[in-house]
Every structure is written in structure tokens, then in C-alpha cells.
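The model shown is predicted, which means the values in this text are computed figures rather than measured ones.
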Amino acid sequence: MPRLNGPVRFRGGGFSPRDNGWASAGTLLGLVALWQLGASAGLIKSLFLPPPVAICAALYHLAISGELWRHLSASLMRLGIGWVTGTIFGIGMGLAVGLWSAFRSPGMAVVAALFPIPKIALVPLFIIWFGIGEGSKIATLAFGVFFPTVIATAGGVDNVSRGLIRMGQSFGLSTWAIVRTIILPGALPAILSGFRVTTSIAIVLLVAAEMIGAEQGIGAFVLSAGNLYDTDNLLAGIVVLSVMGLIVAWVIGRLERALLAWR
Amino acid sequence: MSGLRLALNGVCHAYRDLTVLDGIDLTAEPGEVSVLVGPSGCGKSTLLGIMGGMLLPSAGTVTVSGDIAADCLNPLSYVFQDFSLLPWRSVAGNIELVLGKCPSRAERVAEVLALTGLTEFADAWPRQLSGGMRQRVGIARALAVRPACLLMDEPLSALDAQTRDLLLDEFSSIIARAGTTTIYVTHNLNEAVRLGQQIVVLSRRPGRIRDIVRIDRPLAGRGARDPDLLAIEENLWRMIRDDAAAAERERIDAPA
Ligand SMILES: Nc1ncnc2c1ncn2[C@@H]1O[C@H](COP(=O)(O)OP(=O)(O)O)[C@@H](O)[C@H]1O
Ligand SMILES: [Mg+2]
């Protein structure tokens, strides 16, 4: 007969990964350092992949010539207006779909049919509708941001506990008070994690839209550098985009911590 | 005695083809505590929902009558089994929520917090509180609107046995002091005899009134081990034992 004799073997623990800011920064810096070392050692050709030092130099020249700000401000303006527009309409539509039967099936049908369309394919159409200027670019972004925001918001509203809503009704709160104090805060975590998705989508669409008929903007800059095989400037533009993404993600993280402190 | 008279007349309820309540006739007198007991799934929560206007009965009527105080913001006020606190509002914020634009908001919040011993927790998040403290917030919120009728759905059932005993004493004196008509739903017969002036015994689903037991004693003198009350409790248990056993073996149709 098998026998047990000895201390009980520990079988718990694990499955709880922790965040470490130093590890994130260290990994990125380490990769850049490896890249630079490879280039300095002559293992990576400069045209093939310019070394970090050359990219920094390109960024420096762009910054002091004022060209960086010219492109960056045009891009940020489009990003800001397009994202905010798409987000406002998306949250509105998401609430309507989440709250009222009259909007639910029609709204979700439209979303299901239009969400999968690559918005880039619509840029020519937007140019015809809104002109070759800012209108078409902002519309592309807003359109791309709108659908995921609707889905995130409607999902968030669906997940708000019906019990809490009934509680509000039982204390005589108005519909508007219930939306404002129960449904919106309850859907906020889902809406905020939607922001993470929509800001990335917005940056991708921004660059794409700026590659079609724009003189200013990071996308236009990257395109023209690419056409000239000016890989230093090409990568400088890409670094700017990456930093933009990191900053946006950081801001959303702070927003979440501030607004969702109750969790 | 203050508060409303609540009268139910031939109240029936069905969820689709599941009949839950069948022909309930019942009167809750002003200022009196009515306890609804019955096996789980017999329709107690449904009945309470119908009484407070949260559910439409399939048949029958519920009428309220009586004067309500000028400062009453919500005549029929619930306390929920799962507390139903907004996790994104502080304790005080949860109470403010139901006071709307009432000019004496701050005073009322302070008053009910003091009444329930929550003053120093005013700024805490619900998640930072024990179950007992959360339910204290639940009753503080219900009282803040100066209700004419309190509707309590198994307010102690989500708590551990010791907390339940402590809160039962507290709730008993709060209810006695408030003097409002109270409908208290429970499946716990000890709670029933400690609080009930009329104890309405429901049968298993479809819930019908099996019996009404009156205890004409003030809540104040009712101790946890009062022999008279224990005898009534024993009696109630004999009444519902078979129903409870049968209900317990039944398939539960999950609520939608
Ligand atoms: N919304 C609902 N839809 C369908 N069935 C429900 C719903 N709510 C409750 N029920 C069913 O009705 C019966 C009575 O429920 P309830 O009133 O909650 O009983 P109790 O509070 O006495 O335990 C149960 O069988 C329950 O499964
Ligand atoms: Mg119940």
C-alpha cells in the first residue's frame, strides 16, 4: 500500500504576473543598445536599417529646422479632432444601442456591416464627400474610431448590473439620472479600454490618410522620405509615431487610474 | 403609528408559464412590521417587487393609502439582499444619490450615517467595507429618503451568522424607532419572530398564503432566546418544513 510520509508538497502560487516599469523601459533600451552595437560593429548596413544614432541625428535636425513641429502639429490636430468626433458619436450611439430596443438591432446591424470595412478603402470616397483637405482625413479617423467605440460602449452598458438600475428606479431617479450616475460610470471601464484600441486605430488611419494627398503630417513626411529611400528620416518619422502611441497609452493609463480608483 | 397601509388583492404572478404567486390577499397595517417567510423560490422577492411597484402583477391589485410626511422623498423604499451599492460612489455618495437636489441633503446624510454608526466611513468605497457595513449603508440609504414604507428583501441573508445576529438587533431597534410600515422578507424564522408583528407564511411555489401568525409584542422586548418566541419559531418551522424540503429538491428555473 502506498504511504505518505513527510511535509506536504506546496502546489499553489503562480498565475499572478506583476507589472514592472523598469523591465519595460530596460527592455526597450536594451534592444536599442543591441541595435546600435550591431550597426557600430558593421553587422547592419546603414541603408538597410539606419542605426539609432543616425535616427537621433535626423530627429535633431527635424526639430531645430522646425519641420518636426510643422508635421507633428498637423497630425495631432487631425488625430485630436478625428478621435474626439468619432468617440463622441460612438459613445452616443453605443448608449442608444445599449439602452433602447429601437436602436439596438438596427444599430448593431449597421455596425456589423460597416465595422469590418478597411476604412482606408473609403478614403477616395471621403475625398469626394469632404474634399481633399482636412475634411476627408478627419472623417477617415472619426469613422474608424466610431465603430469600435460603439461596440465597447454598448458592451459596457450591457454589463451594468440590472440590479443597480432597478435600485435607481426604486428610489425614484429619473432616466437621465440613472444614465448619468449608474449606466455611464458602470460602462466607463469598458469605454476606457475601448480608448486603448481606438487610439491605436486612429494613429494607423492618420498615417494612411496622410499618405493620400497631404503635404503636412507625419504620414506625409514618412511617405516622402520613403520615396527618396531616405531611411534616416523614414525611421525618425516612425519613432515619432511610436512615441505618440506610447504617450497616448500612458495618458489613458493615468485616466483609468484616476477615474477607476473605486475598483 | 405612522406610515402607509398596503393592501394586496388577489395578486398573481407568472414569469412566462411559471406561476410564482397565486391569489395573494394581504394587508400591511400602518407602522406594523409584516414578515414574509417561505421556502426559497416561493415568490417572496417577486411579491416584494410587486408591492413596491417594481414588477407588474399578472393579476390583482396593490393599493397604498395613508398620509406621507412632507419631507418624504420616496414613500416606498427598498433594502436589498445584495446591498446594491454603487461601487464607484463613496458611502456618503451612495446616500446622496437617492436624495437628488434635496436642500437638506448634507444634514440627512450625516443623520443616517450617525444612526447606523457609519460616520467615520463616509468617504470609504463600498469595496473597503465588510458585508455588515455595506448593509448598514443599505438601510441608511433607505431611511435617508424618510420613507413611509420600508421594503426589505432578505437584508441579512448575504451575511455570516455572527454579523447577522448583530445586525438583527440593530435593525430591530432602527425599525422600531422609525415606526414606518415595514415589509421584511426572509427565509430565516428567527428573524421572523424577532421582527414580525404579522408573519405571513407562504407555501412553496406557486406561493399562496398558508397562514398568518400574529405576535402582538413590541420589538423592543424581544430577546434572541425568548422562550415564547422560540416556541413560535418551532411552530413556524413545523408549518413550512415539508414545503421547504420539497422546494429544495425542485428544479430551479434560473431567473432571466
Ligand atoms: N425574472 C424572472 N424570470 C423568470 N423566472 C423568475 C424571474 N425571477 C424569479 N423567477 C423565478 O420565480 C420563482 C420565485 O422567485 P423569487 O420571487 O425570487 O423567490 P424567493 O425570493 O422566494 O426566493 C423562482 O423559481 C425563480 O426562479
Ligand atoms: Mg428572494
Can you say whether [X] sits under 4.5 Å from chain A via the side chain, the backbone, both, or neither, judging by heavy atoms?
X      : value
B/L151 : neither
B/R141 : both
B/Y78  : both

Taking atom [atom1] of [X] as the centre, does the number of heavy atoms from other residues, nucleotides or ligands within less than 6.0 Å exceed 12?
X      : atom1 : result
B/D25  : CG    : yes
B/R16  : CZ    : no
A/F103 : CZ    : no

A/I182 portion near chain B, given a 4.5 angstrom heavy-atom threshold: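 Both parts, backbone and side chain.
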
If you compare all heavy atoms of [X] against all heavy atoms of [Y], which two are closest, and at what distance to 0.1 Å?
X      : Y      : result
A/T181 : B/L86  : O-CD1, 3.6 Å
B/S84  : A/G163 : OG-O, 4.0 Å
B/R127 : A/W262 : NE-O, 2.7 Å
B/V145 : A/F171 : CG1-CD2, 4.1 Å

Distance in Å, [X] [atom1] paired with [Y] [atom2], rounded so as to fall on 0.5 Å steps:
X      : Y      : atom1 : atom2 : value
B/W125 : A/R263 : CH2   : CZ    : 12.5 Å
A/L260 : B/W88  : CG    : CH2   : 10.5 Å
B/N94  : A/M167 : CG    : CE    : 6.5 Å
A/R166 : B/M54  : CZ    : CE    : 6.0 Å

Any A/L164 side-chain heavy atom under 4.5 Å of B/L85 side chain: no

B/N74 and A/S170, any side-chain heavy atoms less than 4.5 Å apart: no

